[in-house]
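Only one structure is covered here, and it is reproduced in the block below.
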Protein chains: 2
Amino acid sequence: MSPRPPDPAVRAALIETAARIVATEGRAALTLRRLAGEVGTSTMAVYTHFGSMEELRREVRREGFARLRARLAAVRDSKDPMADLTLLGAAYYLSATASPNLYRAMFLDGPVDDGDLGTGLDTFMYLVKAIGRCLEAGRFPEAGGTDPAELALEVWGMTHGFVSLQLANLLPADQAAEHLSSGVRSLFVAWGDDPAKTGASAARARRRLAELSPG
Amino acid sequence: MSPRPPDPAVRAALIETAARIVATEGRAALTLRRLAGEVGTSTMAVYTHFGSMEELRREVRREGFARLRARLAAVRDSKDPMADLTLLGAAYYLSATASPNLYRAMFLDGPVDDGDLGTGLDTFMYLVKAIGRCLEAGRFPEAGGTDPAELALEVWGMTHGFVSLQLANLLPADQAAEHLSSGVRSLFVAWGDDPAKTGASAARARRRLAELSPG
DNA sequence: GGACAATCCATAGCAACGTTATGGCATACT
DNA sequence: AGTATGCCATAACGTTGCTATGGATTGTCC
């Protein structure tokens with residue numbers, strides 16, 4: 001009754017190879033025939049495993065989110081939640097700029113569907129939790145009863161903005177990084193953080209940069 | 001000696017039709033044969049006028065920047081430079097979200113080249129000048145001797161960030177608009193603007209929304 | 001253990017894509 | 001008027017994603 005099962009190794013190889021091609025050469029470089037050729041299978045394998053090229057691209061995005069999540073998870077909670085927060089921002093920025101084409105595929109290439117939204121949202125939670133801990137520590141007196149998710153959205157919007165400008169060649173990397181950090185610092189100031197503490201946390205974050213996964 | 005000159009009407013029709021297709025149906029809807037068909041010419045006309053499909057897409061981006069510039073130019077200087085600034089931000093946001101596919105083509109679809117950078121930069125100048133007038137009016141005491149372009153970059157980065165998140169379906173329109181305005185307000189607070197004045201300027205800007213071009 | 005049935009994947013063909021070659025015909029200068 | 005120059009219409013080429021067909025392989029049942 002039961003027929004031949006699909007080979008999980010073929011499926012994994014397709015995703016991994018596709019992610020590599022997209023990450024190194026961009027979306028346009030990923031073609032059906034080339035993918036099948038590099039994996040050493042036939043074009044039909046893509047259709048039995050994913051149904052369409054678009055569905056495979058979605059799996060590539062999932063892979064991208066998984067890698068981003070791993071980077072963020074490498075940032076451990078410390079006694080200075082704002083240093084943790086700064087380090088999360090750095091991990092996000094470095095992930096995006098180290099694999100610009102993958103970031104483009106995840107966030108820029110087109111409207112994401114609901115499936116992506118779910119897998120992307122849990123990476124956002126790392127940011128929300130860090131900000132929540134900053135609030136508990138009393139670092140943002142001016143943002144008293146605010147939902148941490150609201151504040152996290154401000155930080156994410158600004159981060160995504162500068163990353164996008166850099167990836168679009170509208171800003172050189174050094175300017176993007178500098179204005180991003182000064183912009184986020186402005187948010188902290190507006191939320192009432194003590195400037196001396198802000199500086200101390202930033203210094204502590206800088207000392208912990210080695211925690212971040214390589215790349 | 002001199003041969004038949006290229007018809008400027010054909011060229012204009014190609015650009016206008018291409019911009020309409022991209023704006024209404026997105027980048028993927030613009031194909032060579034369809035464009036030639038709708039304009040009522042042959043596929044070769046595209047190559048005599050633009051040389052390649054990619055060069056025509058660049059003209060579409062130029063057209064998009066021209067439209068954005070017209071929107072920004074419709075905001076006249078008033079005695080309240082921060083109201084002007086807020087209105088410029090609204091004009092930018094409304095332009096982008098009213099023609100999301102055109103904004104995508106201009107800023108999101110791929111790395112822009114140097115030609116785009118030049119045409120895009122002069123729209124940025126509207127923002128720089130408004131912030132310069134805010135500085136002259138003493139609205140940002142904490143940002144004393146800072147270059148207006150630096151501050152404008154912060155505002156632009158945040159604006160572009162939330163616009164991009166909305167266009168990517170990562171944020172619903174109402175949340176994007178709300179967090180964008182509250183984020184920009186945070187920047188003003190961090191730069192030392194008097195909260196009462198900030199509110200008054202925002203109210204004045206709201207009353208002037210009709211100045212903006214329709215759409 | 002052998003027949004069966006289901007289905008994965010290899011081969012071949014389709015429409016549509018951007019681009020290039022070819023050629024007729026209109027146009028501006030001698 | 002004649003001519004040469006180059007715009008634009010027609011046709012073909014290679015590559016794209018996708019579908020139709022068919023052979024090979026594997027799990028199940030008697």
Mind calculating the distance between [atom1] ([X]) and [atom2] ([N]) to the nearest angstrom?
X	N	atom1	atom2	answer
B/Tyr47	C/dC17	OH	P	12 Å
A/Arg57	D/dT16	CZ	P	12 Å
A/Leu14	C/dC8	CG	C1'	13 Å
A/Ile21	D/dT16	CD1	C1'	15 Å
B/Glu54	C/dT20	CD	C1'	18 Å
A/Met44	C/dT11	CE	P	13 Å
A/Arg11	C/dC9	CZ	P	12 Å
B/Arg33	D/dC8	CZ	C1'	16 Å

Short side-chain N/O contact to C/dA10 OP1/OP2 from A/Ser42, under 4.0 Å: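 Answer is yes, contact under 4.0 Å.
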
A/Thr48 vs C/dT7: side-chain N/O to OP1/OP2 distance below 4.0 Å: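 Answer is no, no contact under 4.0 Å.
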
Output the single nucleotide from [options] whose closest atom is nearest the side chain of [X].
X	options	result
A/Thr31	C/dC17, C/dA10, D/dT16	D/dT16
B/Ser52	C/dC9, C/dT19, D/dT19	C/dT19
A/Leu32	C/dT19, D/dG17, C/dA10	D/dG17

Flag for B/Arg204-B/Ser78: side-chain donor and acceptor within less than 3.5 Å: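 No - no donor-acceptor pair under 3.5 Å links their side chains.
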
Exercise: do B/Arg67 and B/Ser99 side chains pair donor with acceptor under 3.5 Å: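 Result is no, nothing qualifies.
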
Which atom of A/Ala130 lies closest to which atom of A/Leu88, heavy atoms considered: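 It is CB-CD1, 3.7 Å.
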
Greater than 12 external heavy atoms within 6.0 Å of A/Arg62's CZ: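 Check fails, neighbour count at 12 or below.
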
